[in-house]
Amino acid sequence: RVEFSTTGTNTVVDVAGDFIFNSTNASGTRSLLVTTGTCVVNIAGNFSMNAPGGNLRFATGAAGIGTLNISGDFDLQAGTLSESGGTTANGNINFIGADVIHQFSNAGIISNTINYLIPATNTLVVQNESNVSGTTNSSLTVNGTLVVESENATGAIITGTGSGLGNVRVTNRVYNP
């Protein structure tokens, strides 16, 4: 179990290497970045999560905002990455750095309001049938390059949200040249 902040404003956690979250706790005990307020976790390396039956939440209270700034790759092997704070809460996954190629692998569940950002000089490679996902309020903003590897007959970028076919499973999408 990990909990960075309950009601903090502008809580910042710097991880000098990889952030590896492993858990088998399915008893409902939560792991989270923030309840209400804001928490930013700056990761100098990769984010990796292997939590069969476990859950890491960005925010659990109204207006909570949790953010992962990832300099390396994203690898969700098992478990759920979500926010559960209601309509005004959200989670952010920002792929940061200069001229970085980020690998994105998702074999778990990403749910509720999650926003993704790919900056201008970065590339995000969504591997195989992994999906960038969230609910109706989620967004993907691509200022850099998005590479989708899905070979599904319906396409890699299709309409819809949540888990399912295709690499991009969020409703709000912005592609800037």
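Each residue takes its place number in the sequence, starting with 1. Being a predicted model, the structure only gives us computed values, none of them experimental.
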Asks: Would you say Asp18's side chain and Asn46's backbone share a donor-acceptor pair under 3.5 angstrom?
Replies: yes
Asks: Is there a donor-acceptor contact under 3.5 Å from the side chain of Asn112 to the main chain of Glu83?
Replies: yes
Asks: Please check this pair: side chain of Arg173 against backbone of Val170, looking for a donor-acceptor N/O pair closer than 3.5 Å.
Replies: yes
Asks: What is the distance from atom CG of Leu146 to atom CG of Asn122, rounded to the nearest 0.5 Å?
Replies: 12.5 Å
Asks: Within the 4.5 Å heavy-atom criterion, are Ile109 and Ser82 side-chain neighbours or not?
Replies: no
Asks: Would you check if Cys39 and Val41 make a side-chain contact, meaning some heavy-atom pair closer than 4.5 Å?
Replies: yes
Asks: What distance do Ile118 atom CD1 and Tyr175 atom OH have between them, rounded to the nearest 0.5 Å?
Replies: 8.5 Å
Asks: Just say parallel, tilted or perpendicular for the rings of Phe74 and Phe95, cut-offs at 30° and 60°.
Replies: perpendicular
Asks: Keeping the roles fixed (side chain from Thr145, backbone from Thr123), state whether a donor-acceptor pair exists under 3.5 Å.
Replies: no
Asks: What's the spacing between Ser48 OG and Ile20 CD1 if we round to 0.5 Å?
Replies: 6.0 Å
Asks: Main chain of Ile114, side chain of Ser138: is a donor-acceptor contact present, judged purely on distance under 3.5 Å?
Replies: yes
Asks: Using modelled atom types and a 3.5 Å cut-off, is there a donor and acceptor pairing between side-chain atoms of Thr67 and backbone atoms of Val40?
Replies: no
Asks: Please step through side-chain contact (heavy atoms from CB on, under 4.5 Å) for the pair Met49 and Phe47, ending with a clear verdict.
Replies: CA-CA 7 Å; Met49 180 173 165; Phe47 172 81; 3.8 Å; yes
Asks: Does Asn106 use its side chain to pair, donor to acceptor, with the backbone of Asn131 at less than 3.5 Å?
Replies: yes
Asks: First locate atom CZ of Phe21, then atom CG of Asn50, and finally report the distance between them rounded to the nearest 0.5 Å.
Replies: 10.5 Å
Asks: Among the clusters formed by ILVMFWY side chains lying less than 4.5 Å apart, do Leu76 and Leu117 turn up in the same one?
Replies: no
Asks: For the backbone of Gln103 and the side chain of Asp73, can you confirm whether one donor and one acceptor N or O come within less than 3.5 Å of each other?
Replies: yes
Asks: Quick one: pull up CG in Asn42 and OG in Ser71 and give me the separation to the nearest 0.5 Å.
Replies: 7.5 Å
Asks: Which other residues end up in the same hydrophobic cluster as Ile101, if Ile, Leu, Val, Met, Phe, Trp and Tyr are linked when side-chain heavy atoms come under 4.5 Å apart?
Replies: Val125, Val147
Asks: Distance from Ser84 atom OG to Arg57 atom CZ, nearest 0.5 Å?
Replies: 4.5 Å
